[in-house]
Undergrad: 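Sharing a structure here in structure tokens format.
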Amino acid sequence: MFRSAPLILILALFVAGCVAIPTKNEPAAYTQALVQDAIRFYNQEGRQAAIEHYNSPENVDGQWYVVIIGEDGYTIAHFNADIRGRDPALRVDSTGYFFGDEMLSAPEEGKWVSYLAVNPETGNEARKHTWMVRYDGLIFGSGWYEKE
């Protein structure tokens, strides 16, 4: 019986160290995890590699993708080439709501910004909830769309 005690202790420590990974069925938590993964990628691979990676359409996973905004407020990484380099003053949705200042005011703790945008998965406009986090002078974000 005592011989199995170390094995039980090891298994208990392993299980205690496991963290549940959010699924797409939990869009807010999944989105926040995606942004944290982007920051981790940035730290491991560097700024240029992160920009190149998140500029690629291959990083789009249904409705989820990462955007990176530079120190000057211009978009430096987005799967859609038409969005890259976009002037912050153009962050206005179809209702006229200017969400640019909300994005640019994201703190290190992160904040949610909601606005209307075209869902790349459906091609239709829907309310998008974007999680924005300021890190190392940049703003990392991703979002999810309400069901139509």
Side-chain angles (χ1 to χ4, degrees), residues 9-148:
L9 179 60
I10 290 169
L11 286 173
L13 290 172
F14 177 75
V15 170
C18 291
V19 177
I21 298 171
T23 68
K24 293 177 184 177
N25 293 331
E26 306 167 277
Y30 185 82
T31 299
Q32 290 175 312
L34 189 62
V35 171
Q36 283 310 117
D37 284 345
I39 291 170
R40 201 170 8 262
F41 183 91
Y42 169 84
N43 283 331
Q44 291 173 350
E45 304 298 326
R47 179 182 175 125
Q48 193 56 42
I51 290 169
E52 289 172 11
H53 177 72
Y54 293 111
N55 275 342
S56 170
E58 285 78 41
N59 103 75
V60 178
D61 181 10
Q63 64 177 313
W64 280 278
Y65 55 89
V66 170
V67 59
I68 303 174
I69 298 172
E71 295 88 344
D72 60 0
Y74 285 80
T75 303
I76 60 174
H78 194 286
F79 80 92
N80 182 342
D82 293 338
I83 304 273
R84 284 181 237 141
R86 180 172 274 184
D87 186 326
L90 298 179
R91 292 191 184 108
V92 179
D93 74 9
S94 64
T95 69
Y97 171 62
F98 177 68
F99 57 90
D101 285 347
E102 288 295 313
M103 287 184 159
L104 296 178
S105 70
E108 291 178 6
E109 300 80 35
K111 76 182 282 187
W112 288 103
V113 180
S114 297
Y115 52 95
L116 294 177
V118 175
N119 181 335
E121 189 172 42
T122 66
N124 297 323
E125 187 175 70
R127 174 130 331 259
K128 181 174 185 178
H129 304 283
T130 303
W131 179 246
M132 307 298 293
V133 174
R134 183 173 301 278
Y135 182 80
D136 198 27
L138 304 173
I139 300 173
F140 292 78
S142 185
W144 59 278
Y145 296 83
E146 289 182 10
K147 299 281 186 209
E148 298 172 22

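Each residue takes its place number in the sequence, starting with 1.
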Undergrad: Could you tell me the separation between the CG atom of L138 and the CD1 atom of I69, rounded to the nearest 0.5 Å?
TA: 9.5 Å
Undergrad: Please check if the side chain of S142 supplies one atom and the backbone of Y65 the other of a donor-acceptor pair under 3.5 Å.
TA: yes
Undergrad: Identify the heavy atoms of P120 and G62 that sit nearest to each other, and give their distance.
TA: CG-O, 4.0 Å
Undergrad: Side chains of K111 and E102: closer than 4.5 Å at any heavy-atom pair?
TA: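 Yes, side chains in contact.
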Undergrad: Can you give me the closest heavy-atom contact between P57 and F79, atom names plus distance?
TA: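 Heavy atoms only, the tightest pair is CA-CB, 4.0 Å.
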Undergrad: Identify the heavy atoms of L104 and P88 that sit nearest to each other, and give their distance.
TA: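 Smallest interatomic distance, heavy atoms only, reads CD1-CB, 4.0 Å.
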Undergrad: Would you please indicate yes or no on a ring centroid separation below 6.0 angstrom for Y30 and W144?
TA: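 Not under 6.0 Å, so no.
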Undergrad: Is there a side-chain contact between W112 and T31 (heavy atoms, below 4.5 Å)?
TA: yes
Undergrad: Within the distance-only criterion (no hydrogens, no angle test), does the side chain of E52 pair as donor or acceptor with the backbone N or O of A49 below 3.5 angstrom?
TA: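 Not a single qualifying donor-acceptor pair exists.
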Undergrad: Which atoms form the tightest heavy-atom contact between S94 and L116, and what is the distance?
TA: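 Scanning both residues, the minimum pair turns out to be OG-CD1, 3.7 Å.
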Undergrad: Can you say whether the rings of Y115 and F99 are parallel (under 30°), tilted (30 to 60°) or perpendicular (over 60°)?
TA: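 Rings of Y115 and F99: parallel, under 30°.
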Undergrad: Do H53 and N59 have side chains that get closer than 4.5 Å, going by heavy atoms?
TA: yes
Undergrad: Any chance you could measure S114, atom OG, to R127, atom CZ, to the nearest 0.5 Å?
TA: 6.0 Å
Undergrad: What are the two closest non-hydrogen atoms of G143 and K128, and how far apart are they?
TA: CA-CE, 3.8 Å
Undergrad: Hey, what do you get for NZ (K147) to CD (Q63), rounding to the nearest 0.5 Å?
TA: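 Those atoms lie 6.5 Å apart.
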Undergrad: Would R40 and N43 count as a side-chain contact (heavy atoms from CB on, under 4.5 Å) if you check the C-alpha gap in whole Å, the side-chain angles of each, and the deciding distance to 0.1 Å?
TA: CA-CA 5 Å; R40 201 170 8 262; N43 283 331; 5.7 Å; no
Undergrad: Going by salt bridge (Lys or Arg N to Asp or Glu O under 4.0 Å), name the residues that satisfy it together with E71, two or more places apart in sequence or in a different chain.
TA: R47
Undergrad: Stepwise, does the side-chain contact (heavy atoms from CB on, under 4.5 Å) test hold for D87 with Y74?
TA: CA-CA 6 Å; D87 186 326; Y74 285 80; 3.7 Å; yes
Undergrad: Hey, could you give me the OG1/OH distance between T95 and Y97, rounded to the nearest 0.5 Å?
TA: 9.0 Å
Undergrad: Could you state the interatomic distance from CG (D37) to CD (Q32), rounded to the nearest 0.5 Å?
TA: 12.0 Å
Undergrad: Could you pull out all residues at least two apart from N80 that satisfy side-chain contact (heavy atoms from CB on, under 4.5 Å)?
TA: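 N80 satisfies side-chain contact (heavy atoms from CB on, under 4.5 Å) with H78, D82, I83 only.
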Undergrad: Considering only residues two or more places apart or on different chains, which pairs with a residue in residues 88-100 satisfy salt bridge (Lys or Arg N to Asp or Glu O under 4.0 Å)?
TA: none
Undergrad: Please report the shortest heavy-atom distance between F98 and A89, naming the atom on each side.
TA: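 Result for this residue pair: CE1-O, 3.7 Å.
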Undergrad: Looking only at side chains, do Y145 and N124 share a donor and an acceptor under 3.5 Å apart?
TA: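 Their side chains do not contain a donor-acceptor pair, so the 3.5 Å distance test is not met.
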Undergrad: Using 0.5 Å steps for rounding, measure from the CD1 atom of I39 to the CZ atom of F140.
TA: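 Rounded to the nearest 0.5 Å, the CD1-CZ separation comes to 5.5 Å.
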